Amino acid sequence: MSASRPHPSGRMGVTLVGLELGTGLAVLVGGGFTFTALWQGHGGRFAEMLSLAAGIGIVAFEGAEMAWIGFQPLQALFAGVGVAVALLAVSGRRQRRRLHRVGAT
């Protein structure tokens, strides 16, 4: 093998389909969470519900992925981030409602 054509075993089992799937997933999840964060920061309509859906969605996805390919430590981290996003969305919604009630009286 020449230096310009590396040995196939150097890929460590990563296939082109796996890379495409991983890249697509990163764009969808990363882009989705980025959009959700920007929408939340902008004070967009239904921002808390969008954040809640994003958090629950990543937890559900990681659960499905764990059932499909088995446990990986990074899945636990991502699921934890999803739980945190969902909890923050719920607490932010409650706090906003509480402030609205106090301001309305």
Side-chain angles (χ1 to χ4, degrees):
M1 288 266 142
S2 69
S4 63
R5 294 186 58 108
H7 195 274
S9 66
R11 294 184 295 160
M12 295 186 278
V14 176
T15 64
L16 184 58
V17 172
L19 286 174
E20 290 172 348
L21 183 62
T23 303
L25 184 59
V27 168
L28 286 174
V29 173
F33 268 84
T34 300
F35 172 78
T36 300
L38 292 172
W39 193 254
Q40 184 82 30
H42 177 66
R45 190 172 182 170
F46 302 115
E48 291 92 358
M49 296 304 290
L50 186 60
S51 294
L52 181 63
I56 291 172
I58 196 72
V59 169
F61 174 79
E62 292 303 333
E65 188 179 29
M66 192 179 326
W68 182 28
I69 64 171
F71 177 76
Q72 301 291 323
L74 200 55
Q75 292 170 335
L77 176 70
F78 288 145
V81 168
V83 168
V85 167
L87 290 175
L88 287 169
V90 170
S91 68
R93 185 174 177 91
R94 285 182 183 161
Q95 183 178 16
R96 197 165 57 113
R97 283 183 179 172
R98 192 176 313 126
L99 289 173
H100 186 263
R101 272 188 262 138
V102 170
T105 57

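Counting from 1, the numbers follow the sequence of the chain as shown. Every value quoted in this text rests on a predicted model; they were computed, and no experiment measured them. All values below come from the heavy atoms of this structure, side chains included, with hydrogens, waters and symmetry mates left out.
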How far does [atom1] of [X] sit from [atom2] of [Y], to the nearest 0.5 angstrom?
{"X": "S51", "Y": "L87", "atom1": "OG", "atom2": "CG", "value": "12.0 Å"}
{"X": "F61", "Y": "M66", "atom1": "CZ", "atom2": "CE", "value": "11.5 Å"}
{"X": "E62", "Y": "Q72", "atom1": "CD", "atom2": "CD", "value": "10.5 Å"}
{"X": "L88", "Y": "L52", "atom1": "CG", "atom2": "CG", "value": "11.0 Å"}

Original post:
Does some side-chain heavy atom of F78 sit less than 4.5 Å from a side-chain heavy atom of V59?
Top reply: no

**OP:** Answer with yes or no whether the hydrophobic clustering places F33 together with L50; edges join I, L, V, M, F, W, Y residues whose side-chain heavy atoms lie under 4.5 Å apart.
**Re:** no

**OP:** May I ask you to decide if the ring planes of H42 and W39 are parallel, tilted or perpendicular, using 30° and 60° as cut-offs?
**Re:** tilted

Which heavy atom of [X] sits nearest to which heavy atom of [Y], and what is that distance?
{"X": "F71", "Y": "A76", "value": "CE1-CB, 4.0 Å"}
{"X": "G82", "Y": "I58", "value": "CA-CG2, 3.1 Å"}
{"X": "E48", "Y": "A89", "value": "O-CB, 3.5 Å"}

